[in-house]
Trainee: 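Quick one: this structure, given as structure tokens, is what I'll be asking you about.
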Amino acid sequence: MTQNLLANHTTARVGGPATTWVKVTTEDQLTLAIADADTADVPLLVVAGGSNLLVADEGFPGTVVQIATKGIEVVETTDTNVHIRVAAGHVWDDVVAWSVAEGLTGIEALSGIPGSTGATPVQNVGAYGADISQTLHSIRVWDRKARKIIELTGDDLEFGYRDSIIKRSIVSSTTNFRNASPRWIVLSVDLQLTKTGELAPVRYAQLARALNVELGDSAPLEHIRQTVLDLRASKGMVLESTDYDTWSTGSFFTNPIVPIEVASTLPDEAPRFAHHEAGENTETVKLSAAWLIDHAGFHKGFGLNGESGTVEGRASLSTKHTLALTNRGSATTQDLVRIASLVRDGVVKKWGITLVPEPVLVGVQLGI
Ligand SMILES: Cc1cc2nc3c(=O)[nH]c(=O)nc-3n(C[C@H](O)[C@H](O)[C@H](O)COP(=O)(O)OP(=O)(O)OC[C@H]3O[C@@H](n4cnc5c(N)ncnc54)[C@H](O)[C@@H]3O)c2cc1C
């Protein structure tokens, strides 16, 4: 395996080489590698699981720091709670599995999300009625501007839907790579989990149906985890090396949040969910990007048969879910970008709504 080729470190398995590659396994190595790149004024790209990254075929003209730190530490236990600290590079799903085995509630609905723990606050990862903001106590970060380690709380992070100040500090550009990585590099994540023993509440209708319980009722933790994993697998949202539907960055577009007047122009059957972000005054709703894509004529598997003279089947929408953009084995980043651009433009044409990519784009942008 070519160590410095991003295709070998991203779940979509695309992306060219980096000039320099540094893999770090301790926090000291991590802060030193970041500080060294910044002192030398070399473009920096932080990579962990590579499951939310799309990097240009030309590669990255700078230093990639691959975070591979590990460890779960119990900081404090009370009668009701357990406070843990997890190293940034620790595989997220291993933390979820550990919490479930310990009878701790809070992150079980986030089972099966690929990638590292340190990346979870970057876009406030979420699924099945939960997101990381609900259990996050604080994080320790290397602040590249102040050049020191500081602590940030959930309030400091200004979490939104798939968003935080960390993600907002990344600037995607095809020519300037100075801010390809965030200002704050997460070193460890502190979570506050609840001791409930065997049971946890279910907060998502589809999950409740699959578990055969009422929304808001409780179910066994292990059962919740397994049901989430099964639901995710049926949509190609659990990594499986033999299944091209999972060679992706997960959902390629976020669900659009639009003013209520915009939503009212859509057909009644278009799914919509109440939505409120702190500090927002206008009434907004969240739409289903998957529905908008499908009903703009881009169905599951679009691209697989070379439709629209696109990319000869090298890349396509997943055959299980219209929101995932997949590599069918030999795709390039540009192939994925081509499909994404067609889909985004088709949705604008049909619905007048511009979908926004969820993964971090480095050195690439959708066609204009
Ligand atoms: C099949 C599949 C399913 C998915 N399902 C979901 C889902 O249900 N919900 C969801 O929210 N996401 C989902 N994702 C997206 C992705 O798994 C998450 O965003 C995950 O948290 C990314 O972690 P990572 O370690 O792979 O990050 P990477 O892809 O390595 O990095 C992503 C971004 O975070 C930055 N970054 C990484 N580590 C750090 C750090 N320690 N400090 C600062 N910045 C850092 C990187 O520079 C980059 O900008 C899915 C992806 C796939 C492939």
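Fair warning: this is a prediction, and the values are worked out from it, not measured in the lab. Positions are given from 1, in the same order as the sequence printed here. Whatever order the structure lists ligands and atoms in, that order sets their numbers, starting from 1.
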Trainee: Could you check whether Lys320 pairs with Asp243 (Lys NZ or Arg NE/NH1/NH2 to Asp/Glu carboxylate O, under 4.0 Å)?
Mentor: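 A salt bridge links Lys320 with Asp243.
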Trainee: Is the closest basic N to carboxylate O distance between Asp230 and Arg225 below 4.0 Å?
Mentor: no
Trainee: Give me the pairs of N or O atoms, one from ligand 1 and one from the protein, that sit under 3.5 Å apart.
Mentor:
from	atom 1	to	atom 2	distance (Å)
ligand 1	5 (N)	Arg232	NH2	2.8
ligand 1	8 (O)	Arg232	NH1	2.9
ligand 1	8 (O)	Arg232	NH2	3.3
ligand 1	9 (N)	Gly126	O	2.8
ligand 1	11 (O)	Gln123	NE2	3.2
ligand 1	11 (O)	Gly126	N	3.1
ligand 1	11 (O)	Arg162	NE	3.4
ligand 1	12 (N)	Gln123	NE2	3.2
ligand 1	17 (O)	Ser51	OG	2.8
ligand 1	17 (O)	Pro114	O	3.0
ligand 1	19 (O)	Asn52	ND2	3.4
ligand 1	19 (O)	Gln123	NE2	3.0
ligand 1	25 (O)	Gly49	N	2.9
ligand 1	25 (O)	Ser116	N	2.8
ligand 1	25 (O)	Ser116	OG	2.7
ligand 1	26 (O)	Gly49	N	3.4
ligand 1	26 (O)	Gly50	N	3.0
ligand 1	26 (O)	Ser51	N	2.8
ligand 1	26 (O)	Ser51	OG	2.6
ligand 1	29 (O)	Gly50	N	3.4
ligand 1	29 (O)	Ser51	N	2.9
ligand 1	29 (O)	Asn52	N	2.8
ligand 1	30 (O)	Ala48	N	2.8
ligand 1	30 (O)	Gly49	N	3.4
ligand 1	30 (O)	Gly50	N	2.9
ligand 1	41 (N)	Val186	O	3.1
ligand 1	42 (N)	Val186	N	2.8
ligand 1	47 (O)	Val46	O	2.6

Trainee: Distance only, no hydrogens: is a donor on one side chain within 3.5 Å (strictly under) of an acceptor on the other, for Thr333 and Asp57?
Mentor: yes
Trainee: Assign the ring pair His83 / His137 to parallel, tilted or perpendicular, where the plane angle (0 to 90°) is split at 30° and 60°.
Mentor: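 Tilted: the ring planes of His83 and His137 meet at 30° to 60°.
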Trainee: For the residue pair Trp351 and Trp291, does the interplanar ring angle fall in the parallel (under 30°), tilted (30 to 60°) or perpendicular (over 60°) class?
Mentor: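 Trp351 vs Trp291 ring planes: tilted.
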Trainee: Any salt bridge between Lys195 and Glu102, counting N to O under 4.0 Å?
Mentor: no
